[in-house]
Amino acid sequence: MLLDIDYNSKENRIYIYTTKKIIKKDFKPYLYIDADKNTINKFIDEEEPQLKEYITAIERVKKIIINLNDIENPYKNRTVEKTLSKITTDHPKDIPKLRKLQKIKANQRLANFPNGKIGTTYEHDIPFTKRYLIDNNKNIDLLNYNNIPDLKAVSFDMEVHFKDREPEPEKDAILMTSFYSHDKKINKKIKKVITYKPFEHESVEIVKDEKELIKKTMELLKQYNIIYTYNGDNFDFPYLKRRAEHLKIPLNFGENHKLKLSKGGMNLKSAISGIVHIDLYPIARRTLNLTKYKLEDVSKELFNIEKLEVGHHNIVPLWNNNNPKLVEYSLQDAEYTYKIGEYFLPLEIMFSNIVGQCLFDISRMSSSNMVEYLLLKHSFNKNYLAPNRPYGNEYQNRLKEGYEGGYVKEPIKGMHDNIVSMDFRALYPSIIISYNISPDTINCPCCGDTNDKILGYWFCKKKIGIIPEILKDLIERRKNIKDVLKNKNTTENNKDDNNKNNNENYKLLNYEQQSIKILANSFYGYMAYPRARWYSKECAEVITHLGRAYIRKTIEEAENNGFNVIYADTDGLYAILDENKNKNTNKENILNKTIKFLNEINRELPEKMELEFEGYYKRGIFITKKRYALIDENNKIIVKGLEFVRRDWSNIAKKTQKKVLNTLLKEGDVETAKQIIKDTINDLKNLPQSKIGESPGGDKKINPKDLIIYKQLTKDISEYSTATPHIAVAKKMRDRGDRLKIGDVIGFVIVNGSSPISERATIPEQATNYDANYYIDNQVLPPVLRIMEAIGITKDELKNNNKQITLDNFF
DNA sequence: GTAAAGCGGGG
DNA sequence: GTGTACGCTTTAC
């Protein structure tokens, strides 16, 4: 299996690292230019003679060019064969110099250049090692399909001396490094912490000093194929490097394994050649959809495990006291990092295999970039010339181009029972294939200005486009895998020796089909992505237009068949049976009708498109577009767009909303839900006036702890211009001597009074007279009201019923 | 209202 | 490294 690929500039060679050995290859960089040999030579002689030394060869080659502009012009060929010059150089760094041919005001000078034109350069910005993989994609065995590659993986985490400011490698020492690994051969978990102070902990290895710690760390890491970190790109590795420089010790992972920091956007990427450093933070960011992506948030999301909390400011005190809790904390981070790594690795390996780029790059690529490299690979195999990335104003112009997206139906608000959901299997990919939508098939002259235009465009009927062709391959490959999986599922009930291998193989195939699905679904987004080489707003526009037409037509047909469509979004819908048209709207009836309806509609749909049964739900509450909740037959609750998992809501608000939603979905009883809210309001009015941590006593039902609201300091306190509650409290904490820094989470409660909220925000453990009305109106009610209002309950109903009739009210 | 600026993860 | 993010939220105008 290909682990990594690197360019050794001293030897001027490509290094390919596999699990077993290093292979060295000679490969030369090149670019294409739209000019003939004589013109290039003459131009260089007369204008830029120094460029001559970089060129090792110029040859004439035929390539197929896709015209991305002038779409409206029905006479413009979308693809043309063209003869270009391929200029080869010795070193990759020569390529940018040669790009000058086009750049250096060439056009002005060439206005009166005698022998011809120097046109555009192409493929001048493809990184060298990626270029190698594109050009040799047919020869490289990226992955052995028969087993999961035997990779040795370790996670790595580092603690540094850290007090009230950003740690600086020139001042603040590395305290310890931790490692976690799982040796699958002997099924043993390996935990290790290296440090230079005595800690009473079984996993600790004590070394002489910090220099030894760094040396030992490098030695340990270089024994592995894969290193997982969490934000190691921008913290652990850069810090390790600068600290080693400061201590004047060489950072050495082995002769062919250098640590290289490179810029990726505004951030860094940390790579050790030959060893795959996988930073899980960028993967978590693009794979999961969370509000926060701290290590604890991601662990919670994936494994539902809570982290042992050691505030960062406690690191130094624990260190000073030789407290083993610090070791435990550091190990825990390493362990969670490892778990997240194992969770994501198989998919990343599959992407690497399908896209044909190395794991390090893949793990830092967006799905649009993966699509682009997949296209570059196919483009090379088909002798196409890759279109250039946008430059100049082009990117800005593309950004401004808007178009209509998917169709979202305004939901029929409220509670519904016996709901089915149906959705189109891979709607956008199917549309792309069915209509042959591609930048090289749009408005082709060969099919002429036909009658069946879509938004004024037509697509070639004679030749398949590059994007539909790749998509078709991917989808067929996925279908084959799914067939194999289905087969395995039914035949694999015997417990023979092969079972484990088969099981591993099953998992691998399953990861492969998942990754193909993700890639296939990214092609539409790719064509709409302003930095894409094969960008086509027109194609993207046609795809959503057709998507809207299909979902609208499906809604209409469903309504004609006795359904009531309560909600629809882009490629799927939720429906119940219409009471007026059906005798019985129970589960059995709706499921039968759904099967019948799906059969009918799929007969009418184009071959590649299919509406599928997605699920049956006992009950659902629909609030607004993108906001709804459902419960299935196993009492599993699915919530969309309604989550209040954020820390800037008090526990009492989150708890009440959850209770209300559960009651409504499980029991369908509005009165009980109303009562929960009323009870909470009453309990709040009867709040204990005790400090947090003290026993509230008596009939007090609310723990003051549940009233705390948390907000983060995102900059220094002095930089805030507005007086928000958490800043006011932060100032009070500072005044009493707390050291606060950016990133600290401030907890506060609101107490009684008539002054602004920010003045009534109080440090939780100092408060007793909590402001019940604030919690009722600003914390508990808003989230539950969003739900209750959808079923026709007003705020007044929830609040006023609560009032007892007293003489005061009466008069 | 829109445009510009800020921010993320790590310690 | 033949590449210079990105997609939101907050603040400023």
Side-chain angles (χ1 to χ4, degrees), chain A residues 6-7 9 27-32 54 87-89 91-99 121-132 134 156-169 172-176 229-240 243 260-271 279-286 289-298 310-316 319 326 329-330 333 337 361 364-366 368-369 372-373 386 388-389 391 395 399 529-531 533 712 714-715 719-722 724 741-744:
Chain A
D6 189 23
Y7 167 64
S9 62
F27 184 64
K28 293 291 169 229
Y30 61 87
L31 56 68
Y32 298 103
Y54 304 121
I87 307 182
T88 307
T89 73
H91 274 275
K93 59 176 193 279
D94 299 338
I95 296 288
K97 292 172 189 153
L98 284 177
R99 225 183 134 183
T121 59
Y122 294 95
E123 306 197 7
H124 48 256
D125 55 359
I126 300 170
F128 191 45
T129 52
K130 293 192 172 106
R131 171 92 265 171
Y132 178 85
I134 291 166
F156 164 53
D157 183 48
M158 205 165 85
E159 310 301 327
V160 306
H161 195 277
F162 167 64
K163 248 185 157 185
D164 56 58
R165 61 170 167 75
E166 186 84 3
E168 291 170 47
D172 303 307
I174 297 171
L175 305 181
M176 56 177 64
T229 65
Y230 203 80
N231 203 28
D233 267 353
N234 285 284
F235 181 74
D236 302 65
F237 281 115
Y239 204 96
L240 191 65
R243 190 70 191 159
K260 278 192 242 168
L261 304 188
S262 59
K263 267 192 182 162
M266 276 163 54
N267 293 327
L268 294 170
K269 293 177 182 178
S270 303
D279 186 341
L280 297 157
Y281 168 59
I283 300 181
R285 286 207 67 155
R286 59 149 214 270
N289 187 16
L290 310 173
T291 46
K292 288 273 166 200
Y293 295 88
K294 288 176 181 299
L295 179 56
E296 56 173 300
D297 303 310
V298 175
V310 173
H312 286 148
H313 52 280
N314 287 325
I315 288 178
V316 169
W319 170 256
L326 183 60
Y329 170 72
S330 185
D333 278 5
T337 302
D361 292 319
R364 288 158 181 80
M365 251 183 221
S366 66
S368 278
N369 271 322
E372 183 136 301
Y373 279 101
N388 282 330
R389 291 155 26 123
Y391 49 82
Y395 172 70
L399 260 185
Y529 169 53
R531 284 191 208 277
R533 289 175 190 270
Q712 194 178 19
T714 52
K715 50 187 178 185
E719 288 170 49
Y720 282 90
S721 51
T722 46
T724 64
K741 350 160 258 312
I742 298 165
D744 278 354

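We name chains A, B, ... by the order of the sequence lines, and we start the count at 1 in each one. Here the structure is a predicted model, which is why all the values come from computation and not from measurement.
In terms of phosphate contacts, A:Lys130 brings no side-chain nitrogen or oxygen within less than 4.0 Å of OP1 or OP2 of C:dT2. Between A:Tyr529 and the phosphate of C:dC6, there is a side-chain N or O to OP1/OP2 separation shorter than 4.0 Å. Residue A:Arg286 places none of its side-chain N or O atoms closer than 4.0 Å to OP1 or OP2 of C:dG7.
Judged as a ring pair (Phe, Tyr, Trp, His ring centres under 6.0 Å), and not counting sequence neighbours, the contacts of A:Phe237 are A:Phe156, A:His277. The side chain to side chain donor-acceptor pair (under 3.5 Å) test applied to A:Tyr281 returns A:Arg285, not counting sequence neighbours.
A straight line from CG of A:Asp333 to P of B:dG9 spans 15 Å, rounded to a whole angstrom. Atoms CG (A:Asp125) and P (C:dA5) sit 13 Å apart, rounded to a whole Å. As a whole-Å value, the separation of A:Ile134 CD1 from C:dT2 P is 12 Å. Whole-Å rounding puts the A:Tyr230 OH to B:dG9 C1' distance at 6 Å. Distance OH (A:Tyr293) to P (C:dG7): 12 Å, rounded to an integer number of Å. When rounded to the nearest whole Å, the span between CG of A:Asp172 and P of B:dG10 equals 18 Å. Between the OH atom of A:Tyr239 and the P atom of B:dG10 there is a distance of 16 Å, given to the nearest Å. What separates CG of A:Asp233 from C1' of B:dG10 is a distance of 11 Å, to the nearest Å.
Listed nucleotides: C:dT2, C:dT4, B:dG9. Nearest to the side chain of A:Asn231: B:dG9. For A:Tyr281, taking side-chain heavy atoms from C-beta onward, the closest of the listed nucleotides C:dT2, B:dG8, C:dA5 is B:dG8. Comparing B:dG10, C:dT4, C:dA5 by their nearest atom to the side chain of A:Lys263 picks out C:dT4. When each of B:dG10, B:dG9, C:dT2 is scored by its nearest atom to the side-chain atoms of A:Pro29, the top-ranked nucleotide is C:dT2. Nearest nucleotide to the A:Arg531 side chain, out of B:dG10, C:dT4, C:dC6: C:dC6.
In summary, A:Arg99 and A:Asp125 do not engage in a salt bridge, as defined by a charged side-chain N under 4.0 Å from a carboxylate O.
Nearer the 5' end of DNA chain B, as judged by each residue's closest nucleotide, is the contact made by A:Met266, out of A:Met266 and A:Glu159.
Taking the six-membered ring for Trp and the full ring otherwise, A:Tyr230 and A:Phe235 have centroids separated by 6.0 Å or more.
Residue contacts for A:Leu295: at a heavy-atom cut-off of 4.0 Å it reaches the sugar-phosphate backbone alone, with no base atom in range. A:Leu31 comes within contact range of no nucleotide atom at all, as no heavy-atom separation falls under 4.0 Å.
Under the 4.5 Å side-chain criterion, counting only non-hydrogen atoms from C-beta, A:Leu240 is in contact with A:Met158.
For C:dC6 and B:dG9, the C1' atoms lie 15 Å apart once the distance is rounded to whole Å. Across B:dC7 and C:dA5, the matching C1' atoms stand 13 Å from one another, rounded to whole Å.
Residues A:His91 and A:Tyr7 bring a donor and an acceptor atom of their side chains to less than 3.5 Å of each other.
You'll find a donor-acceptor pair under 3.5 Å spanning the side chain of A:Arg285 and the base of B:dG8, going by distance alone.
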